[in-house]
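Report on the following structure.
All values below come from the heavy atoms of this structure, side chains included, with hydrogens, waters and symmetry mates left out. Owing to the predicted nature of the structure, the values given are computational and were not obtained by experimental measurement. Below, chains carry the letters A, B, ... as their sequence lines are ordered, and counting in each starts from 1.
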Amino acid sequence: MEDTYQPQSIEPAVQAYWQSRNTFRATEDPQREKYYCLSMFPYPSGRLHMGHVRNYTLGDVMSRYQRMRGKNVLQPMGWDAFGLPAENAALQHGVAPAAWTYSNTDTMRTQLKSLGLAIDWERELATCKPDYYRWEQWLFTRLFEKGLIYKKTAPVNWDPVDQTVLANEQVIEGRGWRSGALVEKRDIPMYFMRITAYADELLHELDHLPGWPEQVKAMQRNWIGRSEGCEVHFPVVPEPGHEPATGDVLKVYTTRPDTLMGATYVAVAAEHPLAQAAAREQPALAAFIEACRRGGTAEADLATQVKQGMPTGRWVTHPLTGATLPVWVANYVLWGYGEGAVMAVPAHDERDFAFARQYALPVRTVIASTRDAYATVDAAGDWQDAYAEHGRCVASGVYDGLDFAAACAAIATDLEARGLGQRRIQYRLRDWGISRQRYWGCPIPIIHCPDCGDVPVPAGQLPVVLPEAVTLDVGSPLKKMPDWYQTPCPRCGTAARRETDTLDTFVESSWYYARYASPDNDQAMLDERAHYWLPVDQYIGGIEHAILHLLYARFFHKLMRDVGLVHCDEPFRNLLTQGMVVAPTFYRETPGSKKHYFSPAEVDVRYDERGRTVGAVCKADGAAVEVGSIEKMSKSKNNGVDPESLINRYGADTVRLFTLFAAPPELSLEWSDSGVEGASRFLKRLWNRLAQTEWLAEANTLAQPADWNGFPLEPAHREARRLIHASLKQALFDYEKHQFNTVVSACMKILNVLTDDKAYWTVDPGLDAARTQAVTTSARTVLREGYSILLRLLYPIAPHICHTLWDRVTPDVPILDAGWPGVDETALAQETLELVVQVNGKLRGKISVEATAAREQIEARALADTQVQRFLEGKPVKKLIVVPGKLINIVV
RNA sequence: GCCGGAGUGGCGAAACUGGUAGACGCGCCAGACUCAAAAUCUGGUUGGGGAAACUCAGUGUCGGUUCGAUUCCGACCUCCGGCACCA
């Protein structure tokens, strides 16, 4: 065995061994329990980053763990290959998006392989390939025919200079990122998927996903936003005092019908037809509505903009009181939600309150606090949260005294009786706009015929192939390719035009997990193999996907189920959301108060004698640099580390070990060069110890005493074995909880015991030959078991080194087939226990008792302890609490 | 603005979900080996007081429940993720 640990030579050798045996090829086998472990596939952005490494290491550990436990594991990999960055690269470097993408996937595939992942590469897919997206197009046409896809107009970010649609991320402070022009909203026709038809199921199925984090389910629940409320119709009147024109009503939706009697005005969105109609007669209003169109469509911007409004000069009557109320246009009313109009109750809604105050609109208190938080809403004072609480109706005529539920019911009943409203369930969730005015995406399989309208491309004519040899400038090249878009109508043969929009890239990532089951089928989207593998048993990815991607994928699964492609209701049984990878930043202020960032490799950090960071200097010039905050690794902050160079330097096992050890999966992971050194040190220590323990290679590591209790162990070795099994027990528990950081620490504890010669393993040279023999046998038996446990426990985390070391000590059984270690509960038994004694909850002493001691004995010993006595000072004992095996608390 | 998280030594974190706060690792300090350095090994390391035994304080802040709170409840502060065209 080599003396030193050389990951650069063992890792490629082990990877070649796996490849030569197809170790990770997954085959359907109904006799075996399957385990489908999936990490979110990467966007091929160029090179692997540490976020990828963390994601795929987590997935690989879970895959190998389940494989060791005997499951039939599938772990696939592919490429989320369509998307905006490819178009940006094309514009910047003049390469075609396809060529750029394929070159990136080649680089990243090589990098992924060097991590030693247990992936079935035969199932690799790329969403930009026609053999993938043809099935997406096929499903699109099915859903179109079922009415689950429809067309309507929706606002987009429009760059008036570049004459193009911008993504939200391309709008920076209200301006287009390239042109710098002020962005405006523009309505364009788009296709939508009817996700709202599944809103109720998407909401309720969350209750049947115990393997999902509560926080993700909470976010999805709130996103879907089911509310029970009331639709209220306000009859429109031409002038105050006039009779309403029949049938002309302004509809609003409210979750607070109990406050209807307090409505003092109605506000509509700028896009509302009533506002649009009023604007045709009023130039000032038209100008205001035009001003509302400035800026982008991102909700965060809309929600934080300064509240502004203008009266429309239109009026409505209150459906219950008949009072005349003004209609305002307000920029805080969103066109996309509810009816695009709200009844404003300034006394009991914070936004209405602020708006009423700004424009001196009346405030009517109609709810009384049930806990006397306020008497009357003070329109001149500050808003109080209590104003919005549920209470009892006051100043509301016949509804006075009713509580929230009773008032809502009574008012809804009255509205329904008058035909001016009804109870309604409303969702915050909106239908999914899937059209993108971009080139690098899946073509929408629709042909626009002047006679037949929108005709889906027949199955026999699929796929609609995206041409890959293009050059990009402003706008989609598809719109400039008549040879591509001119085509006869499949229905009537008339000259027609293909749709030149492409699909949102979230569509590809909504079903890839299923395609991995049937990646080579060119006759169908999925086949019976999908029934074997689905649902995914463990899905792993970033928390940033908690809502959109995961909700769309759940929706798509139900769509596929309803056309008979899959049989289960949900795609992902268990979900792990990993945190970000962050690192410190280093910078110098440059003239013009810009920051020049230094990479961690360029600086030396300085510490004081207590280990506190006192500063940093640039290695190149020796002068100081500022130590900045700890931020997500990014190009702009220059604080990223390159996984490839780390693997070249330390080996994949070290990178994997550190990534898992530094933090639990859900928390952000702070990069630390010295932490990597520590991980490397641990693996070296493991290697060196085994290399030096030559007798291990001569023994069968798996061969262990049939009866440990009957086996003569020295007391020190019995104690060592107890510690090893205690750590094993903790590690097995933590594997199940996915707390791999503490699994690693358990492995370190085990190695610490196995290498603590002074405490356990040094044989006293003064012993006679027979005793020496007995002690040596005792030690070796425990050591052999300990290493066999450690190597298998660590294998999912650091597979190359464990595979190699195991092969040296137990060459007849590969580690993958060696079985998973189990705890010997009898090894954990202790004869004496140390108990903590508290007086009034404060630690005052420790006592040692036999494990079998009775409660009375323990109490007596605790009270007799001299340390404890000092704090009792003869005071009477009020209460005595004994927690078995842990502590005694004496209350005086 | 709305929704969801996180905050514990010099640093990353742990605490078997109400029972000894700081496991494991990093860093730092001291020692061994070395001509020396690196590497490796051994010991120490929450803060204040004390020669020591020991003692007081301490898990973002303030309050509450409890014999006992990092853990449960209420209010607040700071940071992070998402907000429908980044993926």
Whole angstroms only, please: what is the [atom1]-[atom2] distance between [X] and [N]?
X: A:Tyr337; N: B:C83; atom1: OH; atom2: P; value: 19 Å
X: A:Glu670; N: B:G7; atom1: CD; atom2: P; value: 14 Å
X: A:Lys632; N: B:C86; atom1: NZ; atom2: P; value: 14 Å
X: A:Gln730; N: B:A14; atom1: CD; atom2: P; value: 11 Å
X: A:His49; N: B:C86; atom1: NE2; atom2: P; value: 16 Å

Check this one for me: any side-chain N or O of [X] less than 4.0 Å away from OP1 or OP2 of [N]?
X: A:Asn741; N: B:G25; value: no
X: A:Arg681; N: B:C26; value: yes
X: A:Arg430; N: B:A84; value: no
X: A:Arg844; N: B:C56; value: yes
X: A:Asn222; N: B:C83; value: no
X: A:Gln215; N: B:C80; value: no
X: A:Lys842; N: B:A57; value: yes

Measure from the side chain of [X], starting at C-beta and using heavy atoms only, and say which of [options] lies closest.
X: A:Lys749; options: B:U55, B:C24, B:U42; value: B:C24
X: A:Asn752; options: B:C67, B:U55, B:G25; value: B:G25
X: A:Thr505; options: B:A14, B:C83, B:A87; value: B:A87
X: A:Asn157; options: B:G1, B:C86, B:C85; value: B:C85
X: A:Met190; options: B:C26, B:C86, B:C85; value: B:C85
X: A:Ala300; options: B:C83, B:C67, B:G25; value: B:C83
X: A:Leu887; options: B:A14, B:G19, B:A84; value: B:G19
X: A:Arg870; options: B:C24, B:A14, B:C54; value: B:C54
X: A:Thr742; options: B:A14, B:G81, B:A84; value: B:A14
X: A:Met219; options: B:C83, B:G19, B:G81; value: B:G81

State the pairing partner of [N]; accept Watson-Crick or G-U wobble contacts with both distances under 3.5 Å, and report none otherwise.
N: B:A14; answer: none
N: B:C72; answer: B:G64
N: B:A51; answer: none
N: B:A32; answer: B:U40
N: B:G7; answer: B:C77
N: B:G27; answer: B:U45

Contact class for [X] vs. all strands (heavy atom < 4.0 Å): base, sugar-phosphate, or nothing?
X: A:Leu302; result: nothing
X: A:Phe661; result: base
X: A:Met40; result: nothing
X: A:Ala746; result: nothing
X: A:Trp223; result: base
X: A:Ile881; result: base
X: A:Ser668; result: sugar-phosphate
X: A:Ser674; result: sugar-phosphate
X: A:Arg221; result: nothing
X: A:His545; result: base
X: A:Val891; result: sugar-phosphate
X: A:Arg351; result: nothing

Are [Y] and [X] an aromatic pair, judged by ring center distance below 6.0 Å?
X: A:Trp79; Y: A:Phe41; result: no
X: A:Trp671; Y: A:Phe658; result: yes
X: A:Tyr539; Y: A:Tyr513; result: no

Is the shortest side-chain N to carboxylate O distance from [X] to [Y] below 4.0 Å?
X: A:Arg855; Y: A:Glu859; value: yes
X: A:Asp352; Y: A:Arg357; value: no
X: A:Lys729; Y: A:Glu825; value: yes

Using the [atom1] atom as the reference point in each nucleotide, state the distance between [N] and [M] in Å, no decimals.
N: B:G9; M: B:U70; atom1: P; answer: 14 Å
N: B:A21; M: B:U55; atom1: P; answer: 13 Å
N: B:G7; M: B:U71; atom1: P; answer: 11 Å
N: B:U46; M: B:C79; atom1: C1'; answer: 24 Å

Give a yes or no on whether A:Arg428 atom CZ has more than 12 heavy-atom contacts from other residues, nucleotides or ligands under 6.0 Å away.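 For A:Arg428, atom CZ is crowded (more than 12 foreign heavy atoms under 6.0 Å).
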Whichever of A:Gln838 and A:Lys684 has its nearest RNA chain B nucleotide further upstream toward 5':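 Per heavy-atom nearest nucleotide, the more 5' residue is A:Gln838.
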I'd like to know if A:Gln437 reaches the base of B:C85 with its side chain such that a donor and an acceptor end up less than 3.5 angstrom apart.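 A donor-acceptor contact between them is present.
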Between B:C67 and A:Asn889, counting only base atoms on the nucleotide and side-chain atoms on the residue, is there a donor-acceptor pair under 3.5 Å?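 Such a pair is found, so the answer is yes.
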Based on the glycosidic angle (syn within 90° of 0, else anti), state the conformation of B:G9.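 Syn, angle within 90° of zero.
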Within 45 degrees of the ring normal and closer than 6.0 Å to the centroid, is that where the cationic atom of A:Arg844 sits relative to A:Phe871?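 Checked: cation-pi criterion met.
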Distance alone, cut at 3.5 Å: any donor-acceptor contact between the side chains of A:Gln220 and A:Arg554?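 Judged by distance alone, the side chains do pair up.
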Using the ring of each side chain (for Trp, its six-membered ring), is A:His549 parallel, tilted or perpendicular to A:His545, with breaks at 30° and 60°?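 Perpendicular.
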